[in-house]
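Input: a single structure, listed below in structure tokens.
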Amino acid sequence: MPLTASSRRSSKAGAPGTDRHATATLAAAVLGFFVITLDATIVNVALPSIRDALGGGITGLEWLVDAYTLMFAALLLSAGALSDRIGARKAFAGGLSLFIVASVACGLAPSLPVLIATRVVQGIGAAVTMPTSMALVRQAFPDPARRARAVGVWAMGGAIAAAAGPVLGGLLSLASWRMIFWINLPVGILTLALLSRTPHSPTRPAPFDWIGQVTAILAMGGLTFGAIEAGAAGFIAPQVLVSLGVAVVALATFVTAQAKVAHPMVPLTLFRSPTVVVATGIGFAFMVGFYGLPFLFSLYFQQQHGLSALGAGIAFLPMMLLGTCLTPFSARIAERTGPRVPVIAGLALIAAGSIALAAVPATVPVWVTALLLIPIGLSGPLVMPPTTALLLEHVSAHQTGTASGVFNTSRQIGGALAVAVFGALLSASGGFEHGLRISLLLAAAVALVAALAAPRMGTARRGDA
């Protein structure tokens, strides 16, 4: 009896050569995710050292962080579409190569404006690398069960980077803050070597949506610029109002263009799936807490408690290590309970941890604050892997890169706005401690809203998007 198409695919999926390719692809995707996540977390503890060396106040530090996340967010949508058009493997290689070159340039920057400019280029490379790493996993593991486990491994790369970033940043800062950027070079070269062993990705040629890209950059740039400048100039300053107005007009133009152009960067039909909509919101809410709080407490530990960069990194260690230890079990937890249960639990942990941190007095010892950060660290493996797996399950194969771009754009916007808004609150007239508490309560509220929406994920049929 001849083999059916599904039998042939199953047989091929289990072939040793195919498994080796899948392993190499997953390793490259994990390392790519690792290195761009490391760059986001390693910078926080080095901010005071960079300020001492290159100057700049709280606004300069906000731009140093958000120059990376802004371009990351602004180009993720195009990067996802690019992945679908030219193939995930080719796009991943190009994005990671640009990221490596920009990292070396960051380490050589002679001034803060130059460093911010090179961080912009880093963000462009990271924007291409992130969604293509997810698309590579999707292509290497067509079986949903194996893919869910692979996504758990992929998430492990980010968890390890998040855990290692603060301590590694503190250690490298003892020698020079420039080392926090140069560490990306050897990791990036190893990743490209692994990528050379992976098969070529399928392509789906289509014209590029320039209107969508330009309006997306204007919308995200205007929103982030307005939020950052509000901290220094006030929320009713002319430049703030103008930038926010530009963001609103650009967003409206983007949505209108996506509905009318022949080959939209983000097909609006993608959002017919409740899973895509809710997952996008969860990605935003998660990053407000998981990315915004380390920014807050890096400054808190060093400015309010006088810790060194290494001391601040060590204070983050319990939070990051316990989250990393939980990551390998994320897929098993989701298999036993269903994916929505750990997602809701993780978002609840962010809310509970933020409220607890806001409630304790400023005079508590550092070790108490470090312990109260642990729920935030545990939220990572509970929220992101199941949400990512559900998203990939509920979009068609040819839209994997685009859906990944949308999802990760929401994550980066959440992180960028958290830094901008929290930085503005820290600089407000109420003082650092008042701004810290308001920021924590805001993070808790966002997480709770996302937890209430999470039960709607998974209600659409597979491939509806």
Side-chain angles (χ1 to χ4, degrees), residues 31-76 79 92-130 133 157-158 161-162 164-192 221 224-225 228 291 294-295 298-299 302 309-310 312-313 412 415-416 419-420 423:
L31 280 177
F33 186 33
F34 171 89
V35 74
I36 60 177
T37 304
L38 181 71
D39 199 80
T41 60
I42 201 172
V43 171
N44 282 328
V45 296
L47 290 175
S49 298
I50 295 173
R51 180 178 57 192
D52 292 343
L54 302 180
I58 187 71
T59 301
L61 297 183
E62 289 176 66
W63 274 116
L64 182 59
V65 174
D66 273 350
Y68 179 78
T69 53
L70 174 59
M71 292 311 297
F72 202 161
L75 295 177
L76 270 171
F92 183 90
L96 186 61
S97 298
L98 180 63
F99 178 84
I100 295 170
V101 172
S103 296
V104 174
C106 284
L108 297 172
S111 64
L112 187 62
V114 174
L115 178 57
I116 291 173
T118 51
R119 288 279 285 169
V120 168
V121 181
Q122 260 194 322
I124 296 172
V128 179
T129 304
M130 169 69 86
S133 71
V167 177
L168 186 59
L171 284 172
L172 294 175
S173 294
L174 294 177
S176 171
W177 61 264
R178 299 180 186 275
M179 295 294 294
I180 68 174
F181 297 109
W182 289 338
I183 192 67
N184 296 333
L185 180 61
V187 180
I189 291 174
L190 175 60
T191 306
L192 291 174
T224 306
F225 180 86
I228 289 176
Y291 191 75
F295 171 79
S298 292
L299 297 175
Q302 295 181 68
L310 178 58
Q412 297 309 313
V419 170

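Note that these values count all heavy atoms, side chains included, but never hydrogens, waters or copies made by symmetry.
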[Y] side chain reached by [X] side chain, heavy atoms, under 4.5 Å:
X	Y	result
L47	F295	yes
V128	F99	no
T118	F181	no
I183	L38	yes
S103	L185	no
I189	L192	no

Give me the atom names and distance for the closest heavy-atom approach of [X] to [Y].
X	Y	answer
G169	S173	O-OG, 2.7 Å
C106	Q122	SG-OE1, 3.6 Å
L98	G125	CD2-N, 3.9 Å
L112	I50	CD1-CG2, 4.4 Å
T129	L96	OG1-N, 3.3 Å

Inter-residue atom distance [X].[atom1] - [Y].[atom2], 0.5 Å rounding:
X	Y	atom1	atom2	result
F34	T191	CZ	OG1	9.0 Å
L64	L115	CG	CG	5.0 Å
I180	I42	CD1	CD1	6.0 Å

Test applied, side-chain contact (heavy atoms from CB on, under 4.5 Å); reference residue, W177; option that passes from L172, D52, L54
L54

Restricting to ring pair (Phe, Tyr, Trp, His ring centres under 6.0 Å), what partner residues turn up for Y68, sequence neighbours left out?
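Residues passing ring pair (Phe, Tyr, Trp, His ring centres under 6.0 Å) with Y68: F72.
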
Decide yes or no on side-chain contact (heavy atoms from CB on, under 4.5 Å) for D39 and R119, but give the supporting numbers first.
CA-CA 10 Å; D39 199 80; R119 288 279 285 169; 2.5 Å; yes

